[in-house]
Amino acid sequence: METVNGHVPEQGYQVIELQEAREELNEEEDEAKSKDPLKPEESTKKVYIDEDEYWDPDLVSSGNHHNFSGTLKVQCSAGTAYSEDLTKKLTDIYKSSPALGRYFVSAHVVSFSDENATASYQLLFSLPPVTEEFMKYTMSKDFVMNVLRQNILDEEDSYDKGAFDCTKIRLDPDSLTLT
C-alpha cells in the first residue's frame, strides 16, 4: 500500500466520510430535539399561558346578565339577621370562586321563612359574549349550584362533629335548588 505523507489515502477518505456522517446525525438530532416538547431543555423555553387567568373585564361588564333563583335551608345561624348573613355568605362564596368570581355581580335574599328556615335567593352574573359551550359548562345551573354545594360541604368537614355550635350560619347542602 502506498502512503502519502505517512497516511494511507483510503483511510483518510473514510475518516472524512465518517465525520460528514456524524455532522449530519448531529444536525438531525438537533432538529428532533427542537420538535420534541418533552425534552427538558425545550420546556424551559416555552411557557404555557392559561387563557382563564387573563380575561377582559370590559367583555364581562358588557351588560349581558344572567339570573338564577334558588332556595336553601338554614341549619343554624349565630344571629337573627338571616337575610344579611346569608347574602354575605353567598356573595363571599361566588366572589371567591375561581370559575365564577369574575362573572359574579350580586346575591340577594328575596325572602326567608322562619317556619321552616328556608330562604329564597337570587344570584346575578354579568356575562361576556355568550357561547353555547360557556352556558352549557361554566354557567349551567348545575355548575353554579355545585359551587355553593361544594363550599357548604367543605365547611361541614371543618366543623367539630361532636359539637353542634352555632357560631356562624350553616346551610343544608341537600336542600339546594336553583332555576
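All values below come from the heavy atoms of this structure, side chains included, with hydrogens, waters and symmetry mates left out.
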(request) List for me each residue that meets ring pair (Phe, Tyr, Trp, His ring centres under 6.0 Å) alongside Tyr121, sequence neighbours excluded, and say none if there are none. (result) none
(request) Please list, chain by chain and in numerical order, all residues satisfying ring pair (Phe, Tyr, Trp, His ring centres under 6.0 Å) with His66, sequence neighbours excluded. (result) Phe68
Those residues that, when tested against [X], pass side-chain contact (heavy atoms from CB on, under 4.5 Å) (two or more places apart):
X: Ala117; result: Phe112
X: Asp92; result: Lys88
X: Asn116; result: Ser113, Thr118

To the nearest 0.5 Å, tell me how far [X] [atom1] sits from [Y] [atom2].
X: Leu148; Y: Leu123; atom1: CG; atom2: CG; result: 8.0 Å
X: Ile93; Y: Leu171; atom1: CD1; atom2: CG; result: 6.5 Å
X: Tyr82; Y: Asp114; atom1: OH; atom2: CG; result: 6.5 Å

Does the side chain of [X] reach to within under 4.5 Å of the side chain of [Y], using non-hydrogen atoms?
X: Phe125; Y: Tyr94; value: yes
X: Leu86; Y: Leu72; value: yes
X: Lys89; Y: Glu155; value: yes

Taking side chain to side chain donor-acceptor pair (under 3.5 Å) as the test, write out the residues that go with [X], two or more places apart.
X: Thr177; answer: Thr71
X: Ser69; answer: none
X: Gln122; answer: none

Side-chain atoms of residues 133-145: list all donor-acceptor pairs with protein atoms under 3.5 Å, sequence neighbours left out, distances to 0.1 Å.
residue, atom, partner, partner atom, Å
Ser140, OG, Phe143, N, 3.1

(message) Filter on salt bridge (Lys or Arg N to Asp or Glu O under 4.0 Å), then keep only pairs touching residues 117-129, sequence neighbours left out; what's left?
(response) none
(request) Show the numbers, then the answer: is there a side chain to side chain contact (heavy atoms under 4.5 Å, CB included) between Ile152 and Asp172? (result) CA-CA 8 Å; Ile152 295 168; Asp172 178 5; over 6 Å; no
(message) Keeping Arg149 on the side-chain end and Pro173 on the backbone end, is there a donor-acceptor pair under 3.5 Å?
(response) yes
(request) May I ask you to decide if Lys73's main-chain N or O and Ser175's side chain share a donor-acceptor pair within less than 3.5 Å? (result) yes
(request) Measure across Ala107 and Thr91 and return the closest heavy-atom pair with its distance rounded to 0.1 Å. (result) CB-OG1, 3.7 Å
(request) Report the hydrophobic cluster partners of Val105, with the cluster defined as I, L, V, M, F, W, Y residues connected by side-chain heavy atoms closer than 4.5 angstrom, directly or transitively. (result) Leu124
